[in-house]
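Notes follow once the structure below has been shown.
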Amino acid sequence: MKGIVFDEFLQMVEANYGLITVDSIITKSDLPSGGVYTTVGTYDFNEMVALVTELSQEIDVPVPDLLHHFGHYLFDSLVKTHPEVVSSYSSPLSLIASIEDHIHVHVKKLYPDAELPTFKILEQTDTQLRLVYTSSRGLYMLAKGLMEKTFEHFGQKVNVDFKLLREDGKEVEFTLKQVG
Ligand code: MNH
């Protein structure tokens, strides 16, 4: 996983729970990197699992809730770092439908070792999108947060339903319905 994701995660923890919590989860996670991340570096995904698990225990919030919240936070960070990726879209549904064929293709050029999920579109209308998230990382709640924030970014509202196609969350079907 790219350093930018770790960096943003720790910034979110600092903003919400303070530096003492950041230090505490880094120490308890006993990380190979020592908890020092550079934006363009690549780190073992297990370090993210360890950090999120420690934070979950420390503040007594379930891991899926944390990932969902992190998705909201990460969207703004990604847009700030890569405004060029988002500026060509005029609607949230068209942006989300283009992650696989455009956005993440661009990301892969910038970061060749990025480990990205895949999104397979099952059905698309003006107001609805049904797609399948697939990733060995199983970060579907992060995906849910990112999708919701995409709508907020365009000043719109969405209803996101999902169904786990695999119990481990590595394959999840999402249904997005634009509200209003
Ligand atoms: Mn996207 C991971 C870039 C929009 C879903 N995304 C990543 C990573 C980068 C990235 C960088 C980290 C890869 C790694 O650590 O190896 N993503 C972007 C950019 C935009 C973006 C620049 C646009 C701005 N991404 C979105 C949107 C979604 C999404 C919108 C909504 C579903 N991305 C993901 C998910 C991951 C990810 C989920 C986590 C990796 C995984 O699930 O396997």
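What you see is a predicted model, and the numbers here were worked out from it, not measured in a lab. Order of appearance sets the numbers: ligands from 1, and atoms from 1 within every ligand. Residue numbers count from 1 along this sequence.
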So is [X] touching ligand 1 or not, going by heavy atoms under 4.0 Å?
{"X": "Tyr133", "value": "yes"}
{"X": "Phe45", "value": "no"}
{"X": "Ile96", "value": "no"}

At less than 4.0 angstrom from any non-hydrogen atom of [X], what atoms of ligand 1 do you find?
{"X": "Phe119", "answer": "5 (C), 32 (C)"}
{"X": "Leu142", "answer": "39 (C)"}
{"X": "Ile99", "answer": "27 (C), 28 (C), 30 (C), 31 (C), 32 (C)"}
{"X": "Met147", "answer": "31 (C), 32 (C)"}
{"X": "Val86", "answer": "24 (C)"}
{"X": "Leu116", "answer": "2 (C), 6 (N), 7 (C), 8 (C), 13 (C)"}
{"X": "Ala114", "answer": "13 (C), 16 (O)"}
{"X": "Thr150", "answer": "30 (C)"}

May I ask you to say whether Lys2 pairs ionically with Glu115, meaning some side-chain N is under 4.0 Å from a carboxylate O?
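No, Lys2 and Glu115 are not salt-bridged.
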N-O pairing of Glu171 and Arg166 below 4.0 Å
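Arg166 and Glu171: not salt-bridged.
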Could you check [atom] against the protein and tell me its nearest heavy-atom contact, residue, atom and distance included?
{"atom": "atom 1 (Mn) of ligand 1", "value": "His104 NE2, 2.2 Å"}
{"atom": "atom 23 (C) of ligand 1", "value": "Ile103 CG2, 3.7 Å"}
{"atom": "atom 34 (C) of ligand 1", "value": "Leu146 CD1, 3.5 Å"}
{"atom": "atom 3 (C) of ligand 1", "value": "Val107 CG2, 3.4 Å"}
{"atom": "atom 16 (O) of ligand 1", "value": "Glu115 N, 2.7 Å"}
{"atom": "atom 15 (O) of ligand 1", "value": "Lys2 N, 2.6 Å"}

Pick whichever of [options] has a heavy atom sitting closest to [atom].
{"atom": "atom 40 (C) of ligand 1", "options": "Pro117, Gly145, Ala143", "answer": "Pro117"}
{"atom": "atom 21 (C) of ligand 1", "options": "Thr81, Leu78, Leu139, Thr118", "answer": "Leu78"}
{"atom": "atom 43 (O) of ligand 1", "options": "Gly169, Ser135, Ser87", "answer": "Ser135"}
{"atom": "atom 12 (C) of ligand 1", "options": "Ile4, Val5, Val85", "answer": "Val5"}

Side chains of [Y] and [X]: any donor to acceptor distance under 3.5 Å?
{"X": "Glu58", "Y": "Ser24", "answer": "yes"}
{"X": "His69", "Y": "Asn16", "answer": "yes"}
{"X": "Thr175", "Y": "Asp161", "answer": "no"}

Within a radius of less than 6.0 Å around [atom1] of [X], do more than 12 heavy atoms belonging to other residues, nucleotides or ligands occur?
{"X": "Lys157", "atom1": "NZ", "answer": "no"}
{"X": "Leu19", "atom1": "CG", "answer": "yes"}
{"X": "Asp60", "atom1": "CG", "answer": "no"}
{"X": "Glu167", "atom1": "CD", "answer": "no"}
{"X": "Asp113", "atom1": "CG", "answer": "yes"}

Specify side chain, backbone, both or neither for His82, according to which of its non-hydrogen atoms lie closer than 4.0 Å to ligand 1.
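For His82, the contact with ligand 1 is made by the side chain alone.
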Taking the ring of Tyr89 and the ring of His102, is the distance between their centroids below 6.0 Å?
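For His102 and Tyr89, the ring centres are under 6.0 Å apart.
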Do Tyr133 and Phe119 have ring centres separated by under 6.0 Å?
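Ring centres of Phe119 and Tyr133 closer than 6.0 Å.
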To check you understand the geometry: which heavy-atom pair defines the closest contact between Val52 and Leu66, and what is its length?
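Smallest heavy-atom distance, with atoms named: O-CD1, 3.8 Å.
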Working note: Phe162 + Glu173, criterion side-chain contact (heavy atoms from CB on, under 4.5 Å); need CA distance, chi angles, decisive distance, verdict.
CA-CA 5 Å; Phe162 62 91; Glu173 182 180 327; over 6 Å; no
N or O pair under 3.5 Å between Arg137 and ligand 1:
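Looking only at distances, the answer is yes, because the N/O contact criterion of under 3.5 Å is met.
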